[in-house]
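Here is the structure we will look at.
Counting from 1, the numbers follow the sequence of the chain as shown.
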Amino acid sequence: MDFGFQVKIRGDYFNGHFTNGLSMANSQSVHRCKKTFEDDDKTVFSADEYTITSYHKKEDDVYKCYTIFENTSCRDLTLDMLSSFCIDNINGDIIHRATSFWSAEGKLLSQSLTDINMEKSWSGHGTRVEKFGQIGSMPVRKWFPFIIIENSRTKEFVGVQLYCASSWQIELFRNNDPLTLAGGLADFDFGHWCKTVGAGDSFASPKAVVAVGNSLNDVCNKLVKAQKPRISPVDRDMPVIFNEYCTTWGNPTKENIERIAKKISGSGIKYLVIDSGWYKSPKEDWWATIGDWNESKELFPNGIKEICDLIKSYGLIPGIWFEFEKVAWLSDIYNCTERLLKRDGVPISVEGQRFLDMRDSRNIDYLTEKVIDFLRDNGFGYIKIDYNDSIGVGCDGAESLGEGLRQTVLGTQKFFKKIGDLLPDLVIENCSGGGHRLEPSMMELASQASFSDAHECLSIPLIAANVQRLIRPEQSQIWAVLREKDDIHRINFSLVAGFLGRLCLSGEIFDLRDEYWDNVLAAIAFYDNIKDIIKNGKTTIIDNSDGDYNDPTGYQAVLREYGDRALLVVHTFKDGANPPTDKYMKGRHITEVFGSPLDRDYRAKAFLLKK
């Protein structure tokens, strides 16, 4: 495995081998360079007009990679592509990727190179390319910025995660053996990105993290452990959350908030989060009114601070929902087009929603007042930051649409940092229609993230297990929506899924039968006993016999180990009764359990094990 780089400077010739329009790799810009320096952390390549430094710093179990392009000429140079990482001389025959759609995050797609027609050509001519990525401001849409290459003969694995919240790409290519793997910002062909670097100036790519190991889970654990999130001090013991969205469905009132607070007070739940709708009149749709962020006088006639104080009086931390990067058609700011993102001079509009330009200081000042001052003045300790659509290929205001996108996304991340800097105890939840921002550079700005919007789906444990490969489980907030109509086994199915990450309750908890509520309290107590495994452990087994998120069959078993303790979480689906749990417990004994007997379909049980 050798680290290198890829670059394409406008005006240089493209690589041949039938790749023009398919890949910008191996262009004349690469061939101009000669290696001039190398040590353990970086390799320097120089050409007549530029220098490229490829960083590959070893930290713990991973390599942290990025690339710096320096223009040493006397003229402007335009980059059409610059890699964050490039790894040459990989031997492998299987690729593993993580697919993603709304409420269907993290499904593993494993393919042999022969299945995707990536065998080398008979003569070595005609480059084979597998290129994929994401275009827009939702970095986890269709794909996660993640790939693992497996050598099935030697059981060697090489994996990468990109830290990029705008358009990105990863490409695998070969002429002969072995393989080259590269990635970074989506290039001009793929994501309409170019960057003009002035004489004497430089440009740095986003970061990537590379890990090697002896199994898929081994590499995933190393990549996930390399993420360094901003965890609020009050959130470090992983408290349980209650979010009222699946209780009020965007219609919070003083009455229903107080009813919830009374029920959960003293239960071990720490946060009560008011979700969408707190800013609307009762006759309006919460979706149509985002943007102005004025608390609703109809819903809260004495102001929302009264609600915050009420929540605190029950020993809870109040939280609230925002979607501050977007504005909707019933808001006043929707028509302030000079402050909105445009493409070809026209505001970018998606189904009645538009986007604030996060590069504009007027918008940052506006959001500082409407978000940060609001949180501080009312005493909120938690914010859920949602983001429910994408700006697409990019926006005006830079040398390319893709560069405009990159800049405005960096503006969003800068505002996330400002919130954390000014309110250091605040818990920040990263949400984007559930899981569209489960990407490392966004995850490092938050305490938690919504794992999905699959609020009550049977797929919840499948999604929750799959995203363990991609984000830290201590940050992965998993919905357990409880309904009055649910029997005890359905309640346990939901609660046990929550043990795959951060337990978040919602639903009609005040209508549950007393014995069912007692079971919820028992689940919270069990969760308290396993937090250290969730936070510090390694996931060594994710075993599911069927991957259909809509109609799962069989069973799923997830084993997470920490020291001499382990957590085994098992769910059964259709035709999945009586799974072989003993095979996951070898060398361990059971110290505690929670859940239902696994002798029927759609049951769940968690086992706390010890060597």
Side-chain angles (χ1 to χ4, degrees), residues 102-104 240-253 255-277 286 314 316 319 321 384 431 433-434 450-464 476-527 549-552 556 569-574 576 594-598 600-606:
W102 179 76
S103 292
V240 180
I241 308 101
F242 189 96
N243 181 302
E244 54 77 41
Y245 181 69
C246 293
T247 310
T248 73
W249 297 111
N251 293 288
T253 65
E255 291 71 28
N256 57 39
I257 295 297
E258 184 165 21
R259 191 180 183 197
I260 294 167
K262 284 180 179 178
K263 183 68 175 181
I264 66 177
S265 179
S267 66
I269 297 171
K270 191 167 187 174
Y271 309 114
L272 173 49
V273 181
I274 302 168
D275 211 281
S276 57
W286 68 265
Y314 287 99
L316 302 163
W321 178 97
K384 175 178 178 177
C431 177
S450 302
F451 89 116
S452 180
D453 267 358
H455 302 114
E456 300 177 64
C457 302
L458 292 173
S459 58
I460 282 180
L462 295 168
I463 299 171
S476 181
Q477 184 189 119
I478 299 163
W479 290 90
V481 180
L482 310 177
R483 298 293 182 205
E484 180 186 14
K485 63 180 176 56
D486 291 342
D487 65 20
I488 191 63
H489 304 301
R490 172 63 198 186
I491 287 172
N492 286 341
F493 186 95
S494 299
L495 292 169
V496 171
F499 301 157
L500 293 168
R502 294 294 299 274
L503 182 59
C504 175
L505 302 182
S506 194
E508 301 152 3
I509 49 141
F510 32 68
D511 293 327
L512 294 180
R513 291 159 51 177
D514 288 345
E515 59 267 34
Y516 290 3
W517 180 245
D518 288 342
N519 214 53
V520 174
L521 299 179
I524 293 171
F526 185 88
Y527 173 78
Y549 275 178
N550 288 332
D551 187 23
Q556 175 178 272
V569 176
V570 182
H571 284 78
T572 67
F573 306 105
K574 183 172 66 178
F594 176 86
S596 300
L598 299 174
R600 297 285 189 277
D601 295 348
Y602 308 111
R603 300 286 178 87
K605 195 168 190 175

From Lys574 atom NZ to Leu458 atom CG, the distance as rounded to the nearest 0.5 Å: 10.5 Å
If you define the side chain from C-beta out and look only at heavy atoms, does anything of Ile491 sit under 4.5 Å from Leu512? yes
Phe594: what forms a ring-ring contact (aromatic ring centres under 6.0 Å, His included) with it, not counting sequence neighbours? Phe499
Distance check, rounded to the nearest 0.5 Å: Tyr314 atom OH versus Glu258 atom CD? 4.0 Å
Check Gly498 against Tyr527 and note the closest heavy-atom contact, atom names and distance. O-CE1, 4.5 Å
Please name all residues satisfying side-chain contact (heavy atoms from CB on, under 4.5 Å) with Arg600, sequence neighbours left out, ordered by chain then number. Arg603
Would a distance-only check, ignoring hydrogens and angles, find a side-chain to backbone donor-acceptor pair under 3.5 Å from Thr572 to Tyr602? yes
Straight-line distance of Lys263 NZ to Asp511 CG, nearest 0.5 Å: 8.5 Å
Hey, what do you get for CD1 (Ile524) to CD1 (Ile269), rounding to the nearest 0.5 Å? 4.5 Å
Any side-chain heavy atom of Lys384 within less than 4.5 Å of one from Ser450? yes
When you compare the side chain of Trp321 with that of Val273, does any pair of heavy atoms fall below 4.5 Å? no
For Ser596 and Asn492, which I'm curious about, is there any donor-acceptor pair between the side chains at under 3.5 Å? yes
Residues 484-502 vs salt bridge (charged side-chain N to carboxylate O under 4.0 Å, His left out), sequence neighbours excluded, gives Asp235-Arg502
Begin with the C-alpha distance, continue with both residues' side-chain angles, and end with the deciding distance and a verdict on side-chain contact (heavy atoms from CB on, under 4.5 Å) for Ile260 and Phe510. CA-CA 7 Å; Ile260 294 167; Phe510 32 68; 3.6 Å; yes
Answer yes or no: is there a side-chain heavy-atom contact under 4.5 Å between Gln556 and Phe573? yes
If you take all heavy atoms of Leu495 and Ala523, which pair is closest and at what distance? CD1-CB, 3.8 Å
Between OG on residue Ser494 and CD1 on residue Ile478, distance to nearest 0.5 Å: 11.5 Å
Checking side-chain contact (heavy atoms from CB on, under 4.5 Å) for the pair Val496/Lys605: CA distance, chi angles, key distance, verdict? CA-CA 6 Å; Val496 171; Lys605 195 168 190 175; 5.8 Å; no
Return the minimal non-hydrogen interatomic distance between Asn256 and Asn251, and the atom names on each side. ND2-O, 3.1 Å
What's the spacing between Tyr549 OH and Ser103 OG if we round to 0.5 Å? 11.0 Å
So, Ser476 side chain and Phe451 main chain: donor-acceptor pair closer than 3.5 Å or not? no
Identify the two heavy atoms, one from Cys246 and one from Arg483, that lie closest to each other, and give their separation to 0.1 Å. O-NH1, 2.7 Å
For side-chain contact (heavy atoms from CB on, under 4.5 Å), just list the numbers for Asp275 and Trp286, CA-CA rounded to whole Å, side-chain angles, deciding distance to a tenth of an Å, and then say yes or no. CA-CA 10 Å; Asp275 211 281; Trp286 68 265; over 6 Å; no
Which residues share a side-chain contact (heavy atoms from CB on, under 4.5 Å) with Ala497, sequence neighbours left out: Ile460, Pro461, His571
Identified side-chain contact (heavy atoms from CB on, under 4.5 Å) partner of Ser506 from the options Ile241, Thr248, Leu482, Thr247: Thr247
Grab the two heavy atoms, one from Val481 and one from His455, that are nearest each other, plus how far apart they are. CG2-O, 3.3 Å
Criterion side-chain contact (heavy atoms from CB on, under 4.5 Å) on Asn519 and Ile488, from CA distance to verdict: CA-CA 8 Å; Asn519 214 53; Ile488 191 63; 3.4 Å; yes
Which residues satisfy the side-chain contact (heavy atoms from CB on, under 4.5 Å) test with Cys457, sequence neighbours excluded? Ala454, Ser459
Non-neighbouring partners of Trp102 that pass side-chain contact (heavy atoms from CB on, under 4.5 Å), sequence neighbours left out: His436, Asp453
